[in-house]
Participant: 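I have a structure I would like to understand better, so I am pasting it below and will then ask my questions one at a time.
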Amino acid sequence: MSRLLIVEDDEALGRALAINLKVRGHQVVVATNAATALRIAAASPLEAVVLDLGLPDMSGVAVITGLRGWSSIPIIVLSARDGQRDKVAALDAGADDYVTKPFGMDELLARIRAAVRRAEPAALAEPVLNMGDLTIDLAAKRVRRSGSDVRLTPTEWHLLEALVRRPGRLVSHRQLLEEVWGPSYWSQTNYLRVYMAQLRRKLEADPAKPQLLITEPGLGYRFEPKDAERNGAPTGAASSD
Ligand code: CA
């Protein structure tokens with residue numbers, strides 16, 4: 001059985017996290033510095049890493065970069081910092097999600113569960129998402145709403161796809177801009193605002209209160225597939241219960 005690695009130099013907090021996670025059935029190992037964390041990660045398979053950004057020997061971002069050199073293991077960052085910059089740097093380095101200290105244990109556990117679920121290969125193998133009256137077919141590059149095709153421009157589709165392929169995950173402005181428009185566009189967040197507004201008008205029941213395409217202020221966007229069913233085969237008809 002694989003283990004969760006907690007990287008936290010605040011030993012009391014590390015212990016409290018370990019106790020809470022063990023109670024919920026996880027095997028847990030705690031590292032109090034970056035070098036130990038990297039050694040443990042290299043030594044045996046892990047379920048996920050919960051990573052404090054402020055570590056005594058090197059930055060948490062350097063740990064993410066080190067892990068991402070060879071591993072796609074889910075990484076959830078714990079950040080005591082208010083600055084968006086640290087969170088953005090962590091996400092850009094390859095973190096899957098973050099939780100700001102102080103945090104509720106339930107929130108952290110939910111984030112860990114979601115990250116681990118997303119890391120399962122089956123999650124990406126299913127090209128059709130059914131969400132109420134909305135169907136997104138990644139293989140056919142087709143969106144249907146209430147039985148009719150929704151016409152998307154190539155850029156709108158590309159942006160939607162970039163989010164839908166990472167369900168539930170916070171995708172940073174920079175990741176989206178580089179992926180959809182290209183590396184030289186990494187700072188053009190106004191493009192994202194314009195195109196997200198267009199997508200919401202076409203896909204959201206109430207574009208002013210988005211339920212699917214969620215803004216994470218100053219950081220990026222998250223596709224929340226509420227009550228989504230995933231099907232392997234494209235279906236034009238409404239799904240039955
Ligand atoms: Ca710390």
Side-chain angles (χ1 to χ4, degrees), residues 1-119 166 168-176 186 189 214-222:
M1 184 187 169
S2 59
R3 302 175 299 170
L4 274 175
L5 171 61
I6 297 168
V7 191
E8 173 57 76
D9 61 323
D10 176 339
E11 292 188 23
L13 178 57
R15 263 199 307 277
L17 283 172
I19 289 166
N20 273 284
L21 291 163
K22 282 176 186 166
V23 163
R24 288 161 174 87
H26 294 278
Q27 287 194 29
V28 181
V29 56
V30 181
T32 55
N33 60 63
T36 308
L38 289 169
R39 201 164 57 236
I40 291 171
S44 64
L46 295 167
E47 184 181 14
V49 178
V50 176
L51 175 69
D52 180 30
L53 281 188
L55 295 170
D57 51 342
M58 66 177 97
S59 81
V61 173
V63 174
I64 298 169
T65 307
L67 287 172
R68 282 290 174 260
W70 56 273
S71 169
S72 58
I73 184 175
I75 302 172
I76 298 101
V77 163
L78 295 179
S79 170
R81 305 167 190 204
D82 304 323
Q84 303 265 327
R85 233 176 19 192
D86 295 307
K87 291 174 189 161
V88 171
L91 292 166
D92 284 341
D96 293 274
D97 214 338
Y98 73 90
V99 178
T100 304
K101 295 180 186 175
F103 54 86
M105 191 56 62
D106 287 341
E107 183 188 358
L108 174 63
L109 287 164
R111 296 261 187 241
I112 293 172
R113 278 198 305 273
V116 169
R117 206 166 47 229
R118 287 196 299 272
R166 303 172 176 96
R169 176 172 165 185
L170 171 53
V171 188
S172 73
H173 292 147
R174 184 176 187 138
Q175 279 177 288
L176 288 170
W186 63 272
T189 48
I214 309 298
T215 299
E216 294 277 352
L219 295 171
Y221 296 91
R222 195 191 288 275

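Every value quoted in this text rests on a predicted model; they were computed, and no experiment measured them. One-based numbering, in listed order, for ligands and for the atoms of each.
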Participant: For the Ca ion (ligand 1), does an N/O/S atom of Gly54 lie at less than 3.0 Å?
Facilitator: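 True for Gly54.
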
Participant: State which residue, out of Arg166, Arg222, Arg169, fulfils the salt bridge (Lys or Arg N to Asp or Glu O under 4.0 Å) condition with Asp97.
Facilitator: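 Of Arg166, Arg222, Arg169, salt bridge (Lys or Arg N to Asp or Glu O under 4.0 Å) with Asp97 is met by Arg222 alone.
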
Participant: Is the backbone N or O of Gly94 less than 3.5 Å from a side-chain atom of Arg68, with the two atoms forming a donor-acceptor pair by type?
Facilitator: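 Yes: the side chain of Arg68 pairs with the backbone of Gly94.
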
Participant: Hey, is the main chain of Ile76 close enough, under 3.5 Å, to the side chain of Asp96 for a donor-acceptor pair?
Facilitator: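 It does not hold such a pair.
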
Participant: State whether the side chain of Asp92 and the backbone N or O of Arg174 hold a donor-acceptor pair below 3.5 Å, judged by distance alone.
Facilitator: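 Side chain of Asp92 to backbone of Arg174: no pair is present.
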
Participant: Among the N, O or S atoms that Asp9 has, which is closest to the Ca ion (ligand 1)?
Facilitator: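 The closest N, O or S atom of Asp9 to the Ca ion (ligand 1) is OD1.
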
Participant: How is the N/O/S atom of Asp52 that comes nearest to the Ca ion (ligand 1) named?
Facilitator: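 Checking each N, O and S atom of Asp52, the shortest distance to the Ca ion (ligand 1) belongs to OD2.
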
